[in-house]
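Computed from heavy atoms alone, side chains included, the values below leave out hydrogens, waters and symmetry copies. Heads up: numbering here begins at 1 and tracks the sequence.
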Amino acid sequence: MQVTETKAEGLKREIQIVVPASDLEARLQTRLYEAKDRVQLKGFRPGKVPISHMRKMYGKSMMAEIVNQIINETPRNVIAERNERSAMQPEIVMTEDEGEAEKVLDGKSDFSFTLSYETLPTFELKDTSGIKIERPIVEIADEEVDEQVKRIADSAKTYEPKDGKAETGDRVTMDFVGKVDGEPFDGGTASDSNLVLGSGQFIPGFEDQLIGLAAGDEKVVELTFPEDYGAAHLAGKAATFDVTIKSVAAPLETEIDDELAKKLGIESVARLKEVVREQIESQYGVATRQKVKRQLLDALDETYDFELPEKLVEAEFGNIWTQVQNELTQAGKSFEDEDTTEDEARAEYRRLAERRVRLGLVLSQIGEKANVQITDEELQRAMFEQLRRYPGQEQQLYEYFQKNPDALASLRAPIYEEKVVDHLLAEADVTDKTVTKEELMAEDEDDKALTAAS
């Protein structure tokens with residue numbers, strides 16, 4: 001086998017591979033002799049079929065198998081022998097000449113093909129112990145816990161029917177038909193729908209117009225959907241709702257006590273408050289982690305600058321761009337609505353793609369050096385977490401993960417990344433800073449997009 005490098009520009013490589021016809025013939029002869037004792041043909045005793053006859057019968061199909069084996073195995077072996085790592089699956093280009101391909105299968109011509117790929121860049125890891133991280137911490141006040149407990153109590157509130165007009169805080173049961181330009185629209189019709197007036201569950205202006213109505217009353221509610229309404233076909237549209245009030249119920253006072261806690265499946269109100277505090281701590285912990293990780297990734301992004309594999313960047317950009325376009329379509333918006341242009345957005349998201357690829361490579365190499373490992377238990381836990389998100393489809397999804405290595409790899413990547421981040425934070429200079437809830441939960445511009453490295 002002849003291996004010749006024909007291109008070495010930056011990370012791009014092109015390798016010409018030629019397998020002589022004599023090598024192909026030797027492989028074919030080996031296969032024919034191995035198959036001789038197994039072949040059964042009329043007119044021949046087992047093991048007595050002439051090789052020449054076997055070649056006439058099976059030579060071309062066997063040669064096709066040999067060529068496929070070479071294509072499958074050679075790229076990996078060649079790249080490994082060169083002490084390189086391909087950024088993505090190498091591209092293989094063979095001759096498009098049918099006559100030449102037939103000669104190869106007939107054993108009359110050398111088999112040649114071109115291997116094109118980009119190598120993963122090499123770079124020197126920097127000392128990360130000097131990275132300074134400010135970890136925002138919120139002290140949870142008892143008042144905040146009490147407010148959350150009160151909201152839980154309100155959500156568990158019971159109602160009793162009342163005569164007379166509906167007031168703010170009352171629950172009305174109603175039928176309604178929503179119309180735009182006099183025609184009912186999808187999702188705008190409901191029967192026996194419950195609504196607590198003042199809860200803000202419905203479109204702004206809807207609930208206010210029901211105040212003062214009693215059971216049996218009918219009213220045409222007129223309003224305009226918000227410009228940023230989730231359903232693009234309704235955003236900004238004037239609409240009417242033909243409403244019939246079927247009943248009105250007034251809320252009963254809910255005591256925050258052990259009885260309420262037990263209704264919620266918790267032994268006491270004291271334990272209820274503990275659970276609520278733990279939930280708030282968990283919520284703030286996620287936000288703190290996001291802020292800390294963002295600072296760490298920003299520091300790494302400023303530290304490293306090296307050439308990136310173009311195809312990796314293109315693939316990452318393609319994923320981001322598809323998501324951006326889908327979100328715009330679902331919201332019924334354009335780039336102009338976002339105060340930008342498509343060209344500016346493309347440039348911005350390409351920079352994001354470059355950042356993600358760069359940080360992904362950096363974190364991967366740091367993880368290798370630190371010998372970060374993913375246990376089978378961690379991977380199983382991540383898989384079952386995915387299964388729980390699709391009730392009724394657990395078995396199909398489980399089989400999908402078992403049969404698709406790429407799907408399992410998609411679960412492994414975020415776990416690996418988080419463990420590398422933990423390793424880096426253990427080495428970094430981290431100091432705590434007490435902040436307000438509003439400061440912690442405030443989302444920086446592009447924070448969501450930039451937090452994840454891959």
Quiz item: Is there side-chain contact between Glu316 and Glu354, with at least one heavy-atom pair below 4.5 Å?
Solution: no

Quiz item: Do Leu197 and Val172 have side-chain heavy atoms sitting under 4.5 Å apart?
Solution: yes

Do [X] and [Y] have a side chain donor and acceptor closer than 3.5 Å?
X: Thr340; Y: Glu338; value: no
X: Gln69; Y: Glu65; value: no
X: Asn194; Y: Thr173; value: yes
X: Ser199; Y: Gln201; value: yes
X: Gln395; Y: Glu399; value: yes
X: Ser129; Y: Asp127; value: yes

Quiz prompt | ring-ring contact (aromatic ring centres under 6.0 Å, His included) between Phe317 and Tyr349, worked out | solution = CA-CA 7 Å; Phe317 172 76; Tyr349 288 115; 7.8 Å; no

Self-check item: Ring geometry between Phe335 and Trp321 (parallel below 30°, tilted from 30 to 60°, perpendicular above 60°)
Solution: parallel

Self-check item: Ring geometry between Phe225 and Phe185 (parallel below 30°, tilted from 30 to 60°, perpendicular above 60°)
Solution: perpendicular

Quiz prompt | Gap between atom CG of Leu264 and atom CG of Leu260 - 0.5 Å precision | solution = 5.0 Å

Quiz item: Between Phe206 and Phe241, is the gap from one ring center to the other below 6.0 Å?
Solution: yes

Quiz item: Would Lys273 and Asp146 pass as an ion pair if we require N to O under 4.0 Å?
Solution: yes

Quiz prompt | salt_bridge(Glu377, Arg381) N-O dist < 4.0 Å | solution = yes

Exercise. Please name the residue in the list Glu14, Lys12, Glu84 that meets the side-chain contact (heavy atoms from CB on, under 4.5 Å) test with Tyr117.
Key: Glu84

With a 3.5 Å distance limit and no angle check, can you tell me whether [X] reaches the backbone of [Y] through a side-chain donor-acceptor pair?
X: Asp170; Y: Glu167; answer: yes
X: Thr74; Y: Ile70; answer: yes
X: Gln209; Y: Glu222; answer: yes

Between side-chain atoms of residues 418-430 and protein atoms elsewhere (two or more places apart, or another chain), which donor-acceptor pairs fall under 3.5 Å?
from	atom 1	to	atom 2	distance (Å)
Glu418	OE1	Arg289	NE	3.2
Glu418	OE1	Arg289	NH2	2.5
Glu418	OE2	Lys293	NZ	2.6
Lys419	NZ	Gln373	O	2.7
Lys419	NZ	Glu378	OE1	3.1
Lys419	NZ	Glu378	OE2	3.1
Asp422	OD1	Arg289	NH1	2.6
Asp422	OD1	Arg289	NH2	3.1
Glu427	OE1	Thr128	OG1	2.9
Asp429	OD2	Lys132	NZ	3.1

Practice problem: Walk me through it: do Tyr398 and Tyr400 pass the test ring-ring contact (aromatic ring centres under 6.0 Å, His included)? | Solution: CA-CA 5 Å; Tyr398 178 79; Tyr400 172 75; over 10 Å; no

